[in-house]
Amino acid sequence: MEITVHNHIVQIAVVTTDSRIDAFSAPKLRERLDALVAGGANRFVIDLSAVPFIDSAGMAVLVSLLKKARVADGEVVLVWPNEEAARRILRLTKFDRVFPMADDVESALIASTR
Amino acid sequence: MEITVHNHIVQIAVVTTDSRIDAFSAPKLRERLDALVAGGANRFVIDLSAVPFIDSAGMAVLVSLLKKARVADGEVVLVWPNEEAARRILRLTKFDRVFPMADDVESALIASTR
Amino acid sequence: MSYAPVELSIPAEHRYLNIIAACIGDLLAREEGLVEPAITTYNIQLAVQEISANIVDHAYGAASGRIAITMQVLCQPHRMVIQLLDTGVAFNPASVATPDLDEIHEGGYGLFLARSLLDDLSYNTRPDGNIWRLTKRLDV
Amino acid sequence: MSYAPVELSIPAEHRYLNIIAACIGDLLAREEGLVEPAITTYNIQLAVQEISANIVDHAYGAASGRIAITMQVLCQPHRMVIQLLDTGVAFNPASVATPDLDEIHEGGYGLFLARSLLDDLSYNTRPDGNIWRLTKRLDV
Ligand SMILES: Nc1ncnc2c1ncn2[C@@H]1O[C@H](COP(=O)(O)OP(=O)(O)O)[C@@H](O)[C@H]1O
Ligand SMILES: Nc1ncnc2c1ncn2[C@@H]1O[C@H](COP(=O)(O)OP(=O)(O)O)[C@@H](O)[C@H]1O
């Protein structure tokens, strides 16, 4: 009897911050995410739960990551911000229809491996 | 056999806020405290734990209350602010030597009944 | 109640734009009678962030300059009016269309957000510069 | 690094003074290399609160007016400099003694706090008004 065991490892980069994501800080976030993509990462959970504010420059960074991740057969799951006003902006711009959304990191990780 | 039971009730006003106490808000706090004094209160716990900022106008309200409370044989116990910078100001001005200080409301209540 | 304006002037750089939001937040924190104060404050802050980031990126671009901001709470109707003055290049906001929200884009949400979140957004080119005027009702 | 100044002008009323603190907080939030950033920020905010509340209460009193504030981070040494200009009555800060801290007082802590929390506090009367200049080192 020959038995083959194949260990399939799915690596997911969980990115968390409690800072404003705006035109000032977005370039730093983009740089960090680009470095992860360059290192081979293609599955991401962006934990926005503690983010107090996100502007369109910050949202552009998320879209840029999504495009790169999907080209590499990956995915970007967003964890909803706790800040209700920020949630409404993600709905207004229909970002919640394009990104898989999760209520917390745990469910985001489950969604990422599906 | 004659037995006398005397119920001694000590009433302590516990005053809590999570707002800045400054030259703008201090008059509102003073008014509220003065109304309690006018109503007969003489024992106070001022819970500063969640106060993010207190200026000298706010501190003046505390001193004013202390004077009124002590005239009426009462006391004012302060609960230390969580904000380290605010704690340092209470030490710098030696307020912590004049007011009985407590780490939380529970120990402030115990101190108030001594 | 109506109040005298608060005036702010900052270098036209992204690192200073959070100061405008801070002023708006602290101004509205002491204003009574707001409907959904947290949401309203956030929406005004986001609209101003978008307009001011555009001034830095597009009106000034590589050039340096300043942004002069006036903020005022007015009554009848109860509203906040914010004006932003820059001396960068002029443009025509009417030329910017609403993004197609069924497609995802890497940009082009700024003016859409500002327009969506405000009750009125006007732009004028004057001899002393370009002036944006943002109006948000506080009582609805 | 040194930066261009942020300028703010507010009505001389207590309800607006928190805006100065908000600007300082957001300016320092993006400044690197601060020693004890939370404590330093708080101390600058409290010193400015005391000086500006005195302007409202004592320089203007019942009169109305405005306070013009400039805030700037400078280098060599790394420090924050804040100037407050008012057009109220002039006075002599040297005439104000340190309160006796072993007695409790209902007032008189304002200038003491500002002096204690800053590295330098100067006051000058100029033709355009009274100017307070507050300096706080950020790297010690
Ligand atoms: N203040 C401005 N000055 C000049 N051009 C501007 C200004 N604001 C916006 N624009 C132009 O309008 C376009 C759309 O702006 P916006 O909706 O904010 O999206 P984005 O800034 O992401 O491109 C910009 O790309 C720019 O060409
Ligand atoms: N900007 C000012 N203009 C005029 N007088 C002032 C000013 N600042 C302070 N003073 C005077 O100095 C005194 C001490 O000020 P301070 O230490 O802040 O305590 P307080 O304001 O509680 O009296 C004030 O009572 C006032 O007479």
Side-chain angles (χ1 to χ4, degrees), chain A residues 17-31 33-34 37 44 46 48 50-71 74-78 80-101, chain C residues 10-25 28 34-61 67 84 96 98-118 136:
Chain A
T17 177
D18 60 1
S19 302
R20 282 169 67 93
I21 307 183
D22 64 13
F24 177 69
S25 62
K28 292 183 196 81
L29 178 62
R30 185 186 294 268
E31 208 177 298
L33 295 173
D34 283 352
V37 170
F44 293 85
I46 311 292
L48 300 174
V51 168
F53 186 87
I54 177 162
D55 75 358
S56 72
M59 293 167 70
V61 172
L62 302 181
V63 175
S64 162
L65 179 68
L66 183 71
K67 288 184 172 168
K68 286 169 193 156
R70 287 194 179 163
V71 161
E75 186 57 284
V76 179
V77 179
L78 302 184
W80 282 106
N82 293 329
E83 175 62 55
E84 171 59 19
R87 300 163 80 100
R88 292 197 191 177
I89 301 302
L90 294 178
R91 284 190 215 106
L92 173 64
T93 51
K94 298 197 179 172
F95 267 49
D96 62 337
R97 309 246 185 113
V98 175
F99 288 86
M101 303 297 298
Chain C
I10 57 170
E13 295 171 36
H14 289 304
R15 72 176 290 124
Y16 295 101
L17 303 185
N18 62 338
I19 296 175
I20 317 176
C23 289
I24 294 166
L28 292 180
L34 270 66
V35 174
E36 287 199 304
I39 303 284
T40 301
T41 301
Y42 188 101
N43 288 347
I44 299 174
Q45 289 172 326
L46 181 54
V48 171
Q49 171 68 24
E50 296 298 338
I51 296 299
S52 58
N54 277 348
I55 292 172
V56 172
D57 290 334
H58 305 303
Y60 286 116
I67 309 177
L84 297 106
V96 179
T98 300
D100 174 3
L101 296 180
D102 293 320
E103 297 277 313
I104 194 115
H105 315 273
E106 242 186 88
Y109 292 98
L111 272 175
F112 162 73
L113 283 173
R115 284 173 180 149
S116 306
L117 300 174
L118 297 169
K136 179 74 174 175

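Note that the coordinates shown come from a computational prediction; the quantities given were computed from them, not determined experimentally. A, B, ... follow the sequence lines: proteins, then strands. Residue 1 opens every chain.
For C/Leu113, the part lying under 4.5 angstrom from a heavy atom of chain A is the side chain only. There is no contact between A/Leu62 and chain C, counting heavy-atom distances below 4.5 Å.
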Check: every donor-acceptor pair under 3.5 Å linking chain A and chain C:
from    : atom 1 : to       : atom 2 : distance (Å)
A/Arg20 : NH2    : C/Gln49  : OE1    : 3.4
A/Ile54 : N      : C/Tyr42  : OH     : 3.2
A/Asp55 : OD2    : C/Gln49  : NE2    : 2.9
A/Ser56 : N      : C/Glu50  : OE2    : 2.7
A/Ser56 : OG     : C/Glu50  : OE1    : 2.5
A/Ser56 : OG     : C/Glu50  : OE2    : 3.3
A/Arg88 : NH1    : C/Glu36  : OE1    : 3.4
A/Arg88 : NH2    : C/Glu36  : OE2    : 3.0
A/Lys94 : NZ     : C/Asp102 : OD1    : 3.1

